[in-house]
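The residues of the chain are indexed from 1 along the displayed sequence. In what follows, every heavy atom counts, from backbone to side chain, and hydrogens, waters and symmetry copies are set aside.
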Amino acid sequence: MTTLLEARYRAVLRLLPASYRREREEEMVETYLWGVDRDLQDESRPTLGEVASIAALAVRCRLGAPGAPRRYALLGAAVRLFALSAVLLLAVSAVVDRVLELTWAFTRGASGRQMFLTGFTGRNTTETVVAVLTWTLPLLWAVAYFALLHDHRRLARYSAFGAALPALWPLARPLTGDALPPGVPWYEASAVLLAWLPALALGAAHHRDAPAARLPAGSPGLVFLAGCVVAGGSLVLLPGAADTVWAPATCFVVGALGWLLWRARRTDGASPGAALALAALGLLVLTARVAALYPWLHVPGAGLVVGGGLGQTAVLVPLTAALAVVGGRDLARISAGTPGAVAAGAPRHGTRR
C-alpha cells in the first residue's frame with residue numbers, strides 16, 4: 001500500500017518531464033524512501049533540500065540536458081544563447097557608458113571631475129553606498145560574459161546576479177524611507193526585467209550538464225570590442241538622441257541584422273535556436289525602449305530623444321517579428337524531423353542515503 005510519504009515524493013517528481021519519470025521515477029522513489037521506517041512514512045514529508053534538488057533537475061531536463069527530447073534540446077539552446085546575447089549586450093552598455101562618463105569628466109578639468117564626484121558625495125550613508133554600487137556593480141556583466149565563454153559557470157552566475165542587483169534599488173527605495181521623488185513604475189519594471197531575465201536565464205540554462213557556451217561566430221574579445229565600438233559610436237555621433245536604452249537598442253539592431261545576413265549565407269541550418277533567442281531578446285529590448293521613451297513624450301525640447309526613440313522602435317518591431325518568423329520556421333522544420341534524443345546520457349539525480 002502506498003504511504004503518504006511515497007505519494008508526496010511522487011507528487012514532487014511530477015515536476016520532471018514525463019519521459020524522464022518513465023525511466024527514473026521508481027528508482028528515485030526507492031532511493032528517497034530508503035532507510036525511512038515504514039511506520040513513520042505517513043508522518044514524514046520530503047525535505048526542502050530534496051524538493052529544491054528535484055526542481056533544479058526538472059529545469060536541467062527541460063533546458064537541454066544530455067538525453068533530453070528534441071524540443072527540450074532546442075529550448076535549452078535558445079535560452080542559453082538568449083542569456084549569452086543579453087549578457088553581452090548589458091556588458092557592452094555598462095562598460096561603454098562608464099568609459100565615456102569618465103572620459104568626459106576628466107577631460108573637462110576640475111569642474112568636470114567635481115561634477116562626477118558629486119554623484120557619490122554630499123548624501124547620507126545609504127545613498128552614497130547605493131550610488132557607488134550602482135556605478136560599479138554593472139561592470140560585472142563583462143566578468144559574467146568572459147567567464148561564461150571560458151566555462152567558469154559559477155563565476156559567471158554570481159557575477160550576473162551581482163550585476164543585476166542595482167536594478168532592484170528603485171523598488172526597494174521606498175522601504176528605506178528616502179525622500180527622493182518616485183520613478184516611473186513601468187520604466188523601473190522594464191529595467192528589472194532587462195537585468196534579471198538574462199541573469200536568471202544564465203543561472204538556469206548554463207547548468208553543469210549543459211554544453212559549453214560559445215558564440216555563433218567570432219572570438220569573445222573581438223565580438224565584445226565590436227559591440228563597444230557600435231555602442232560608443234552611437235553615443236558619440238548622436239549624443240542628443242541618447243537615453244538609457246539608446247546604446248543597447250542600437251547594438252541589438254546592428255547585431256541582429258548582422259546575424260540575419262550571416263545566417264542567410266549559411267546552408268547548413270546552423271544554430272536553429274538562435275532566431276528564437278534573438279527574438280526573445282528583441283522583445284525584451286523593445287519593452288525597455290518603449291518604457292524609456294514614454295516619459296520623454298511630455299518633456300519640452302526633447303524632440304531629438306523622442307525622434308531617436310521612435311526611430312529605434314520602428315526598426316525593432318519588424319526586426320523582432322522577422323526573427324520570430326525565422327525561429328518559428330526553424331522550430332517547424334525541427335519538429336518535422338526525426339524525433340528522439342539529441343544526445344546520449346542523462347543527468348544524475350541527487351540521492352539520499
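- In the hydrophobic clustering of this structure, Val92 groups with Val253; members are Ile, Leu, Val, Met, Phe, Trp, Tyr whose side-chain heavy atoms approach within less than 4.5 Å, directly or through other members.
- Hydrophobic clustering places Leu155 together with Leu140 (ILVMFWY residues linked when any side-chain heavy atoms are closer than 4.5 Å, directly or through intermediates).
- A side-chain donor-acceptor contact under 3.5 Å links His206 to the backbone of Arg80.
- In this structure, CG in Leu137 is found 10.5 Å from OG in Ser159, a value given to the nearest 0.5 Å.
- If you check the side chains of Tyr9 and Glu50, you find a donor sitting under 3.5 Å from an acceptor.
- Under a 3.5 Å cut-off, the side chain of His207 and the backbone N or O of Ala210 do form a donor-acceptor pair.
- Side-chain contact check for Cys61 versus Leu57: some heavy-atom pair is nearer than 4.5 Å.
- Residues passing the ring pair (Phe, Tyr, Trp, His ring centres under 6.0 Å) test with Phe224, sequence neighbours excluded: Tyr145, Phe146.
- A donor-acceptor pair under 3.5 Å is absent between the side-chain atoms of Arg263 and the main chain of Gly258, judged by distance alone.
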TODO: Report the C-alpha distance between Val143 and Leu139 in whole Å, list the side-chain angles of each, state the deciding distance to 0.1 Å, and finish with yes or no for side-chain contact (heavy atoms from CB on, under 4.5 Å).
DONE: CA-CA 7 Å; Val143 178; Leu139 294 172; over 6 Å; no
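- Taking the charged nitrogens against the carboxylate oxygens, Arg10 and Glu26 do have a contact shorter than 4.0 Å, which makes a salt bridge.
- Residues Leu235 and Ala242 come closest through the heavy atom pair CD2-CB, 3.5 Å.
- Here the straight-line distance linking atom CD of Glu23 with atom CG of Leu16 works out to 11.5 Å at 0.5 Å rounding.
- Atom CD of Glu101 is surrounded by more than 12 heavy atoms from other residues, nucleotides or ligands within 6.0 Å.
- Atom OH of Tyr187 is separated from atom CG of Leu293 by 12.0 Å, given to the nearest 0.5 angstrom.
- Within 6.0 Å of the CH2 atom in Trp135, the count of heavy atoms belonging to other residues, nucleotides or ligands exceeds 12.
- Although no hydrogens or angles enter the test, the distance criterion places a donor-acceptor pair under 3.5 Å between the side chain of Trp196 and the main chain of Ala164.
- Leu117 and Met115 fall into different hydrophobic clusters, where Ile, Leu, Val, Met, Phe, Trp and Tyr are joined by side-chain heavy atoms under 4.5 Å apart, directly or via other members.
- Here Phe106 pairs with nothing under the ring pair (Phe, Tyr, Trp, His ring centres under 6.0 Å) rule; sequence neighbours left out.
- Contact between Pro198 and Leu90 at its shortest, heavy atoms only, is CG-CD1, 4.1 Å.
- Contact record, Ala78 with Ala277: O-CB, 3.1 Å, taken as the closest heavy-atom pair.
- Checked by atom type and distance alone, the side chain of Thr287 pairs as donor or acceptor with a backbone atom of Leu283 at under 3.5 Å.
- With sequence neighbours excluded, the residues forming a side chain to side chain contact (heavy atoms under 4.5 Å, CB included) with Ala105 are Phe116, listed by chain and number.
- Side-chain contact between Met28 and Arg21 is absent, with no heavy atoms from C-beta onward closer than 4.5 Å.
- Looking at heavy atoms from C-beta onward, Tyr72 lies in side-chain contact with Pro17 at the 4.5 angstrom threshold.
- Side-chain atoms of Pro248 and Val285, non-hydrogen and from C-beta on, never get closer than 4.5 Å to each other.
- A search for side chain to side chain contact (heavy atoms under 4.5 Å, CB included) contacts involving Ala201 returns Val79, Phe82, Ala83, not counting sequence neighbours.
- Counting heavy atoms from C-beta on, the side chains of Leu5 and Tyr32 never come closer than 4.5 Å.
- Each of Asp97, Val95, Leu102 was checked for a side chain to side chain contact (heavy atoms under 4.5 Å, CB included) with Val99, and the lone residue meeting it is Val95.
- The shortest distance between side-chain heavy atoms of Ser85 and Leu278 falls below 4.5 Å.
- Distance check: Arg24 CZ to Thr31 OG1 gives 10.5 Å after rounding to the nearest 0.5 Å.
- The cluster map of Ile, Leu, Val, Met, Phe, Trp and Tyr, joined by side-chain heavy atoms under 4.5 Å apart, puts Val230 and Leu100 in different clusters.
- When all heavy atoms of Trp296 and Ala292 are compared, the pair lying nearest together is CD1-O, 3.2 Å.
- With sequence neighbours excluded, the residues satisfying side chain to side chain contact (heavy atoms under 4.5 Å, CB included) with Pro138 are Ala94, Arg98, Trp141, Pro166.
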- [ ] Show your working on side-chain contact (heavy atoms from CB on, under 4.5 Å) between Leu202 and Phe161 and close with a plain yes or no.
- [x] CA-CA 9 Å; Leu202 188 155; Phe161 289 147; over 6 Å; no
Distance-only check: which donor-acceptor pairs under 3.5 Å involve side-chain atoms of residues 299-327, not counting sequence neighbours?
residue, atom, partner, partner atom, Å
Gln312, OE1, Arg289, NH1, 2.6
Gln312, NE2, Trp246, O, 3.0
Gln312, NE2, Thr250, OG1, 2.9
Thr313, OG1, Gly309, O, 2.8
Thr320, OG1, Leu316, O, 2.8

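- Just one residue in the list Val223, Leu215, Leu222 forms a side chain to side chain contact (heavy atoms under 4.5 Å, CB included) with Ser219, and that residue is Leu222.
- Salt-bridge formation is not detected for the pair Arg214/Asp151: no Lys NZ or Arg NE/NH1/NH2 atom is positioned less than 4.0 Å from an Asp or Glu carboxylate oxygen.
- Side-chain N or O atoms of Arg153 include none that pairs as donor or acceptor with a backbone N or O of Leu148 at under 3.5 Å.
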Task: Step-by-step side-chain contact (heavy atoms from CB on, under 4.5 Å) determination, Leu276 to Leu75 - done: CA-CA 9 Å; Leu276 294 175; Leu75 176 62; over 6 Å; no
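- Once rounded to the nearest 0.5 Å, the distance linking CD of Glu6 with CG of Leu13 reads 10.0 Å.
- What you find for Asp330 and Ala275 is that their closest heavy atoms are OD2-CB, 4.2 Å.
- Pairing each heavy atom of Cys251 with each of Ala231, the nearest pair is SG-CB, 3.5 Å.
- Residues Leu200 and Leu165 share a single hydrophobic cluster, defined by chaining ILVMFWY side chains whose heavy atoms lie under 4.5 Å apart.
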